[in-house]
Novice: 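If you scroll down you'll find the structure; I have some questions about it.
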Amino acid sequence: MKKGIFTLFAFIFMILAACSNQSDEAATTPSENKEGKTEIVFWHAMSGDLETVLKEIVEEFNKSHSSIEVKPIFQGTYEEALTKFNTVAGTKDAPAIMQTFEVGTKYMIDSGKIQPVQKFIDEENYDIAQWEKNIVNYYTVNGKIYSMPFNSSTPVLIYNKDAFKEAGLDPEKPPMTYGELKEAAKKLTKKQGGQTTQYGFSILNYGWFFEEMLAVQGGLYVNHENGRKENATKAVFNGEEGLRVFDLIRDMYKEGTFYNVGQNWDDMRAAFQSKKIAMYLDSSAGVKTIIDNAPFEVGVSYLPVPDGVERQGVIIGGASLWMTKDISEKQQKAAWEFMKYLSTSEVQAKWHVKTGYFAINPAAYEEEIVKAEWEKYPQLKVTVDQLKQTKSIPATQGALISVFPESRQKVVKAMESLYQGVDPQEALNRAAAETDRALEIANKK
Amino acid sequence: MNTPLPVQPPASVQIRRKRTMRTTLEGITYLLPSLILFSIFLFYPMLRTMYLSVYLTDYQGNPVQFVGIENFVYLLKDVNFLQSVKATLLFVCYTVPTSVFLALCLALMANEKLKGIGLFRTCFSSTMGMSVAASSVIWMFMYNPSIGVINKVLSLFGISDVQWLLDPKIALVSVAISTIWMNTGFTFLILLGGLQNIDPSLYESARIAGVSYLYQLRKVTLPLLSPTLFFVTTVSLIHSFQTFGQIDILTKGGPMDATNVIVYSIYKDAFINYNFGSASAQAVILFFAILVVTFLQFKFGERKVHYQ
């Protein structure tokens, strides 16, 4: 018994010692490490192939900049990374650079823990005109650039060219409107006995796709010009544009040409690879991997629009890099140096061809490696063209609200309820009402 | 001068009191390590949760505005929360009786003295060694509608595809099945231990009396196993109320909140939506719910328990 208590005490001391060790370490590495290099901790959410490429890029940066050492640390998905950031923001453990997805923009601004990069842009007269204009549009808030865009993507329609040929469709003429989409999906749906072996079309139950299908018609997500003029107070996505999207899903599901893939990206891609679905929506960031892995020819096209509605373009997805406020001036300078490096055309070119994210710096498309890769993968170019043709209006600038993650859950639930036969308008209204409540609470904070 | 002199207690009482003090102090010293651990990791967080449940918080979880019982009032009217309550209760009803019953059957079988029984004992308890995350991922692949093995097997029998995790009517059952599989190992092991503790002479007497197996089970095994059964049920019940990992990996609370049990809803509210106030309120409600259930169980369930 005595021994037991002794072990317990030893255990407690060990924990305490471990805790204090950790805080010592954090305290002694404020800005410089042993070799006198400025250390920049960089939290990111890039997994798999993306992480490998990102590490390569950081490695090259560290080699070419002798006084700076960037340490990339993977922190899980965007949502998970944001949660972790939230708990350490303002303490010594906070990273110098934080990668956050586009819908976290407003949240990061409101957190008050970040340093807008506009300060450095002004100091150096850094030319943001070299960036893709749609990206500048998205990340400009109240006339200021808060974060450095890094990896940007758009939604695209991906389809199985072989299945198109089999069904007697022209594989070079993917559907551009809802009408064409429905027609094509009908022809692509194959039945064997009582079972459907191949479905025509699918959309992941994920809020982002709904937001994009809304924006491409020019529909707003929330009031006050998508929350860009002043704080949004009401969700407006339950208007006619939103209804068209929901009607499409409902109609196609009823006809048996639409397959519900759930809310997991990998499940959706697995369904496409295994020929369960012939067309679906994906992020341009996934294009390269899909083409490489599919056992058939893959086509990439624009997001479809409802018949008779003019195409307005897409909102950029992806993420940007944020600088935190509570680090030394020297670290901020170094972090800025790294951010600038990431947006150079060479780095962006490499990033584009290895991942499918498009370059935030259009000069990258003139680089040789991009041209060579576009020869091999003409599909990569589609994602770039779609963005270039985007009109700059509040709808395609994207909504700016801090409760996006919550609102997305509500939209996902509404999408799921469609498969249970809930009326599209009713489902939308409910999601909108729940978003209103979230906005109301957020505005109280 | 009327003030009575303080009466000196007799010496023996004094000594006794001193001794009680000493033993109490000694007891507390022994308890100190666990008291410290409990206060840091259990009592403080619990009090903090209760405190936060009456506030509106900012994104870091700092209280900004006192709202009283508003969080609770909103929750009790909120259809989403009521759905969570329903999902939790259903989930508990699906998992606890099934896994205890299943584990009991397995334990009774594995308690027989047969050749190679050790192999089966290892097999039956092996799920205990698997982490929730790892087993959830395996189940996720098995449930996958396009490439999963379950649908492949069903299609051999001509049964059309089932969307295990995407159909709100089936999703909770699917998660419950995987949970039962995960829990059985632990429950099995405890019950087997209980069975092996039963005095063999009682079985001998039963055999001499020539009673049937079922009679022996009803009159000897179950009454003597009842303390273990009671323990296992209580622990499973609490465990089941707090299920999180498999929900997070398999369904993320979807589809249509069908598997959004309270613990998952708390997590979502606090760490995705940053509403620490309302999340704390849900945690407090869950705390009292488990308290009441456990209390009722001790009050009524324990009566049937036979301690040797």
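Hydrogens, waters and symmetry mates play no part in the numbers below; they use all other heavy atoms, side chains included. Residue numbers start from 1 in every chain, and the chains themselves are labelled A, B, ... in the order their sequence lines are given, proteins ahead of strands.
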Novice: Quick one: what part of T251(B) sits under 4.5 Å from any heavy atom of chain A, side chain, backbone, both or neither?
Specialist: backbone
Novice: Carefully, step by step, assess L82(A) and Y274(B) under the rule side chain to side chain contact (heavy atoms under 4.5 Å, CB included).
Specialist: CA-CA 11 Å; L82(A) 197 60; Y274(B) 305 114; 3.7 Å; yes
Novice: So what's closer than 4.5 Å to chain B heavy atoms on N264(A): side chain, backbone, both or neither?
Specialist: side chain
Novice: Using a 4.5 Å heavy-atom cutoff, which residues in residues 418-431 of chain A come close to chain B?
Specialist: Q420(A), R430(A)
Novice: How about I69(B): does its CD1 atom have over 12 heavy atoms from other parts shown lying under 6.0 Å from it?
Specialist: no
Novice: Examine whether an atom of A89(A) lies under 4.5 Å from a heavy atom of chain B, and if so say whether it belongs to the side chain, the backbone or both; otherwise answer neither.
Specialist: side chain
Novice: Select one option (side chain, backbone, both, neither) describing which atoms of I277(A) are under 4.5 Å from chain B's heavy atoms.
Specialist: neither
Novice: Please identify, among D167(B), T57(B), V64(B), D257(B), the residue contributing the most non-hydrogen atom pairs under 4.5 Å to chain A.
Specialist: D257(B)
Novice: Measuring heavy-atom distances to chain B, does T83(A) have an atom under 4.5 Å in its side chain, in its backbone, in both, or in neither?
Specialist: both
Novice: Could you check whether any side-chain heavy atom of N86(A) comes within less than 4.5 Å of a side-chain heavy atom of F271(B), counting everything from C-beta outward?
Specialist: no
Novice: Which atoms of K410(A) come close to chain B, meaning under 4.5 Å heavy atom to heavy atom: side chain ones, backbone ones, both, or neither?
Specialist: side chain
Novice: Is K444(A) in contact with chain B via its backbone, its side chain, both, or neither, using a 4.5 Å heavy-atom distance?
Specialist: both
Novice: Can you spot which of Q409(A), E406(A), E80(A), R408(A) makes a side-chain contact (heavy atoms from CB on, under 4.5 Å) with I272(B)?
Specialist: Q409(A)
Novice: Has K84(A) got more than 12 heavy atoms of other residues, nucleotides or ligands less than 6.0 Å from its NZ?
Specialist: yes
Novice: Within the supplied structure, the quantity of interest is the number of heavy atoms (other residues, nucleotides, ligands) at a distance under 6.0 Å from F74(A) CZ; does it exceed 12?
Specialist: yes
Novice: Is there side-chain contact between D267(A) and F141(B), with heavy atoms separated by less than 4.5 Å?
Specialist: no
Novice: Does a donor on one side chain sit under 3.5 Å from an acceptor on the other, for K413(A) and N80(B)?
Specialist: yes
Novice: Considering residues, nucleotides and ligands other than F38(B), do more than 12 of their heavy atoms fall under 6.0 Å from its CZ?
Specialist: no
Novice: Using side-chain heavy atoms (C-beta onward) and a distance below 4.5 Å, is I441(A) in contact with N275(B)?
Specialist: yes
Novice: Is it the side chain or the backbone of V79(B) that comes within 4.5 Å of chain A heavy atoms, both, or neither?
Specialist: side chain
Novice: Which atoms of V261(A) come close to chain B, meaning under 4.5 Å heavy atom to heavy atom: side chain ones, backbone ones, both, or neither?
Specialist: backbone
Novice: So which residue, S407(A), A414(A), S417(A), S274(A), ends up with the most heavy-atom pairs under 4.5 Å with chain B?
Specialist: S417(A)
Novice: Is there a donor-acceptor pair under 3.5 Å between the side chain of Q163(B) and the backbone N or O of N260(A)?
Specialist: yes
